[in-house]
Asker: 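What follows is a structure written as structure tokens; I'll ask about it next.
One-based numbering along the sequence shown.
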Amino acid sequence: MIDVPDFDAVYRKDPDPWRVRSSFYEVRKLALLLACLGRESYARAWDPACGVGELAARLSERSAAVLASDGSTEAVALTAERCADRPQVQVQHRPLPTAPDPVWVCDLVVLSEFVYYLDPADRVASLDLVDARTTPDAEVVALHWRHKPHDGWLSGLDVQAEITAGLQDRGWRTVVRHDDRDFTLASFERVGR
């Protein structure tokens, strides 16, 4: 059994525990993610583990609407504060694999640094949800720290392989792949797009 962290407690102790806004790793990783996006703009983007809201804020610069959700109420509050001046960002408390409410169909989903915290059944259900809640021309980006968090189910490399195989089984193909010393990124689109 994996003892997944109490993310509310983590964020109460430190409102930016992974230094998303300041560490070179995080700033560089976000810049690379944004550079790998296949389009200049999107109608609806979904950040299903929004954390402190930095990714949601940056996606709002390229998306008409952004749904930022998280299973942590503390993270949701931090994202709401970070994106308070961005009316196109909607923030919800929604742990995966819970569907966004109201029904949200998007053309961009970013799975960043959290899928290794989901148990095996929730990982499968989350990919089913992503597949069901995306437009035919959608893009899915998965980005994870390549190592294994001590409190996660899989390493980032293993979870990326699982996401790749799972999306391929659902009719997606890899468009971009980047393997770095500390993180791994892949972008997907539907076959035949």
Side-chain angles (χ1 to χ4, degrees), residues 1-11 16-20 23-38 45-52 54-56 58-59 68-72 75 94-100 106 108-134 138-191:
M1 184 67 177
I2 300 297
D3 189 17
V4 174
D6 175 350
F7 288 106
D8 281 329
V10 170
Y11 285 114
D16 191 4
W18 290 278
R19 305 293 175 252
V20 172
S23 81
F24 178 72
Y25 166 82
E26 294 289 348
V27 171
R28 179 175 171 268
K29 181 186 73 175
L30 179 56
L32 183 63
L33 185 154
L34 294 168
C36 287
L37 295 179
W46 182 20
D47 178 6
C50 58
V52 300
E54 198 61 30
L55 174 60
R58 298 294 298 277
L59 290 176
S69 61
D70 204 290
S72 163
R94 293 272 176 201
L96 276 176
T98 305
C106 51
L108 175 64
V109 179
V110 180
L111 307 172
S112 179
E113 299 268 16
F114 74 93
V115 177
Y116 32 54
Y117 292 116
L118 301 177
D119 68 36
D122 283 348
R123 292 195 305 269
V124 171
S126 294
L127 288 180
D128 287 341
L129 178 63
V130 166
D131 187 51
R133 292 296 180 96
T134 46
E139 186 175 346
V140 174
V141 179
L143 187 151
H144 288 84
W145 185 57
R146 67 184 289 129
H147 312 289
K148 184 181 182 300
H150 71 280
D151 46 8
W153 289 85
L154 300 171
S155 72
L157 285 177
D158 290 338
V159 85
Q160 289 286 101
E162 188 176 277
I163 290 168
T164 299
L167 287 176
Q168 286 174 346
D169 289 347
R170 290 166 177 82
W172 296 73
R173 66 177 173 201
T174 304
V175 180
V176 175
R177 183 171 172 86
H178 176 84
D179 288 316
D180 207 277
R181 177 176 36 243
D182 290 316
F183 62 87
T184 180
L185 177 149
S187 175
F188 306 91
E189 68 181 15
R190 293 185 198 276
V191 173

Asker: Looking at V115 and H144, what are the two nearest heavy atoms and their distance?
Answerer: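 So the two residues come closest at N-NE2, 3.1 Å.
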Asker: What pair of heavy atoms forms the shortest contact from D47 to A56, and how long is it?
Answerer: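 Between these two residues, the closest heavy atoms are OD2-N, 3.5 Å.
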Asker: Run the numbers on W145 and E113 for side chain to side chain contact (heavy atoms under 4.5 Å, CB included), then give the verdict.
Answerer: CA-CA 6 Å; W145 185 57; E113 299 268 16; 3.4 Å; yes
Asker: Can you tell me how far the CG atom of L143 sits from the CG atom of L111, to the nearest 0.5 Å?
Answerer: 10.0 Å
Asker: Please list, chain by chain and in numerical order, all residues satisfying side chain to side chain donor-acceptor pair (under 3.5 Å) with D122, sequence neighbours excluded.
Answerer: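 Checked D122 against side chain to side chain donor-acceptor pair (under 3.5 Å); zero matches.
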Asker: Give the intermediate values and the outcome of side-chain hydrogen bond (donor to acceptor under 3.5 Å, both in side chains) for residues W46 and S69.
Answerer: CA-CA 8 Å; W46 182 20; S69 61; 3.0 Å; yes
Asker: If you apply the rule side chain to side chain contact (heavy atoms under 4.5 Å, CB included), what do you find for H147 with D182, and how did you get there?
Answerer: CA-CA 7 Å; H147 312 289; D182 290 316; 3.4 Å; yes
Asker: Would you please name every residue forming a ring pair (Phe, Tyr, Trp, His ring centres under 6.0 Å) with F114, sequence neighbours left out?
Answerer: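 For F114 there are no ring pair (Phe, Tyr, Trp, His ring centres under 6.0 Å) partners, ignoring immediate neighbours.
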Asker: With sequence neighbours left out, what residues match D16 under salt bridge (charged side-chain N to carboxylate O under 4.0 Å, His left out)?
Answerer: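 Applying salt bridge (charged side-chain N to carboxylate O under 4.0 Å, His left out) to D16 gives none.
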Asker: Once the angle between the rings of F7 and Y11 is folded into 0 to 90°, is it parallel (under 30°), tilted (30 to 60°) or perpendicular (over 60°)?
Answerer: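 Tilted, since the angle between the ring planes falls between 30° and 60°.
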Asker: Testing the basics here: between L37 and E139, what is the closest heavy-atom pair and its distance to 0.1 Å?
Answerer: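 So the minimum-distance heavy-atom pair works out to CA-OE2, 3.5 Å.
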Asker: Quick one: side chains of residues 161-168, donor-acceptor pairs under 3.5 Å with protein atoms, not counting sequence neighbours, listed by atom name and distance.
Answerer:
residue : atom : partner : partner atom : Å
E162    : OE1  : R123    : NH2          : 3.3
E162    : OE2  : R123    : NE           : 2.4
T164    : OG1  : Q160    : O            : 2.9

Asker: Report the residues that fulfil salt bridge (charged side-chain N to carboxylate O under 4.0 Å, His left out) with R133, sequence neighbours left out, ordered by chain and then residue number.
Answerer: none
Asker: Is there side-chain contact between T134 and E189, with heavy atoms separated by less than 4.5 Å?
Answerer: no
Asker: F183: which residues meet the ring pair (Phe, Tyr, Trp, His ring centres under 6.0 Å) condition with it, sequence neighbours left out?
Answerer: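 Counting only residues at least two positions away or on another chain, F183 forms a ring pair (Phe, Tyr, Trp, His ring centres under 6.0 Å) with Y25, H178.
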Asker: Does L33 reach the side chain of L55, with side-chain heavy atoms less than 4.5 Å apart?
Answerer: yes
Asker: Please lay out, stage by stage, how R28 and D180 fare under the test side chain to side chain contact (heavy atoms under 4.5 Å, CB included).
Answerer: CA-CA 11 Å; R28 179 175 171 268; D180 207 277; 2.8 Å; yes
